[in-house]
K.L.:
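Attaching a single structure in structure tokens format; questions to follow.
Ligands are counted one by one from 1 in listed order, and the atoms in each one are counted from 1 as well.
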Amino acid sequence: MTPTQTTDFTELRAALDPLKAGREIYALMGELYPICRSITGDGFRQTLARLKKEIPLDVREVPTGTKVFDWTVPREWNIRDAYVKNSRGERFIDFRKHNLHVVNYSVPVERKMSLAQLRPHLHTLPEQPDLIPYRTSYYKEAWGFCLSHRQLQQMPEDEYEVCIDSTLQDGHLTYGECLLKGSSAEEVLISCHACHPSLCNDNLSGVTVAAFLAKYLAQAALRYSYRLLFIPGTIGSITWLAQNEERVGAIKHGLVLTCVGDRGNFTYKKSRRGNAEIDLAVEHILKTSRRDHSTLEYSPYGYDERQYCSPGFNLAVGCLMRSHHGEFPEYHTSADNLDFVDSGALGDSFAKILSVFDVLEHNRTYMNLNPKCEPQLGKRGLYSVTGGTNIKQLELAMLWVLNQSDGTHSLLDIAERSGLAFGVIREAADMLFRHDLLKPCRENGSAASHPV
Ligand SMILES: [Zn+2]
């Protein structure tokens, strides 16, 4: 994409109908839900092909065996069918009914066996007897089936015909990348894992919200460039980082998106830096939304932020969720389905992320050009200059911006310190700038000659 779009980001954000967006995001999720994805293979490609109808996506293929730091790109897995048939030829466990029935990355199997022989390969959740668990075995050759505990309890002694019609052979790791160019080469990274099969909150919610972010950002005049990655978890981010080491310096802010479709409150896990601009911006937006949310310090457990925040990169990348992965009962089970996610929650997540980007796009540091005592705002027409109920707030915001603009506090810092919303602080700064009372600074605090 070229930076020819002229629609102002804030205007675009203000015109957004989150409910309508949420319904569209949910519809896309419904299309992607049945696909059996994995960290490699045709399910991943099929998912990217569908996203490509919505956004300008480059599909990359990295061959099996490629060294990526301490890891190696694995063999490619594909599956056509899998079942356990009883002696009457009926499918007792059927991959065609639910792709979670097969342990993801199962090696091929075709043999007859007793229940006792089969039993070590069957996985259930006795505590949640109606749900099918999600199991994988990417890096250890194995095979297995997952089923509800209730179904297992109804499984009689018999001679079973067991078939997993899969292949595990040299091929590629596939991922999708979308770059939307802004006026600056500095980038905002949006990363989501797209390797889970029929699971909605974790992580079709991240995939579909990211796709709609790309669609939306493509219409706006952007300050930053935005890089969106649709990758398999862990090995995907390691592969991208290994193959793009020279690009990493351009990443100024980043978010890993997962579990953004459930009805729970927001959870934000900070970057390893802990006080990066992205951390402050997300926290500010969540705080001013006046809904309960939780903010967590960084920990080396989670999704791809672990790789982006490894000490050799230490990128300013946090992780945005609603309910925390691993901490809701539906997590990694068949109950993480289309009923568990909600179009309202998806639309709300989408709108909140755009609000965070709106802050990043417009956060600046200024220098007060009249720093000795307060300038006389009345004679410039800056007191009660506009109608409406926010006059007092705007006047207060002007005083805060003038007082704090010594080249060391950004508008976001001022919003935090004053307790006023970023939008009001920004509006005040725009007015003061137009009246020659402020001058934008470069990052190091020295005054720039024009707005940056
Ligand atoms: Zn997961």
K.L.:
In sequence, state the C-alpha distance, the side-chain angles, and the governing distance for S355 and R13, and then conclude on side chain to side chain donor-acceptor pair (under 3.5 Å).
P.N.:
CA-CA 7 Å; S355 298; R13 167 69 192 86; 2.9 Å; yes
K.L.:
Could you tell me the angle subtended at the Zn ion (ligand 1) by NE2 of H332 and OH of Y303, rounded to 10°?
P.N.:
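Angle NE2(H332)-the Zn ion (ligand 1)-OH(Y303): 120°, rounded to 10°.
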K.L.:
Write the atom name of the N, O or S atom in H196 that is nearest the Zn ion (ligand 1).
P.N.:
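Nearest to the Zn ion (ligand 1) within H196's N, O and S set: NE2.
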K.L.:
Does any N, O or S atom in H325 come within less than 2.8 Å of the Zn ion (ligand 1)?
P.N.:
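No - counting backbone and side chain alike, H325 has no N, O or S atom under 2.8 Å.
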K.L.:
Run the side chain to side chain donor-acceptor pair (under 3.5 Å) check on N78 and E76 step by step: do they pass?
P.N.:
CA-CA 7 Å; N78 283 290; E76 181 179 324; 2.9 Å; yes
K.L.:
Within 45 degrees of the axis of the six-membered ring of Y298 and under 6.0 Å from its centre: does R272 put its NZ or CZ there?
P.N.:
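Judged by the rule, R272 and Y298 form no cation-pi pair.
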K.L.:
To make sure I understand the geometry: which N, O or S atom in D202 is closest to the Zn ion (ligand 1)?
P.N.:
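Result for D202 and the Zn ion (ligand 1): OD2.
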K.L.:
In a check of ring-ring contact (aromatic ring centres under 6.0 Å, His included) between W77 and each of Y139, W143, F44, Y105, which one passes?
P.N.:
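Exactly one candidate clears the test, Y105.
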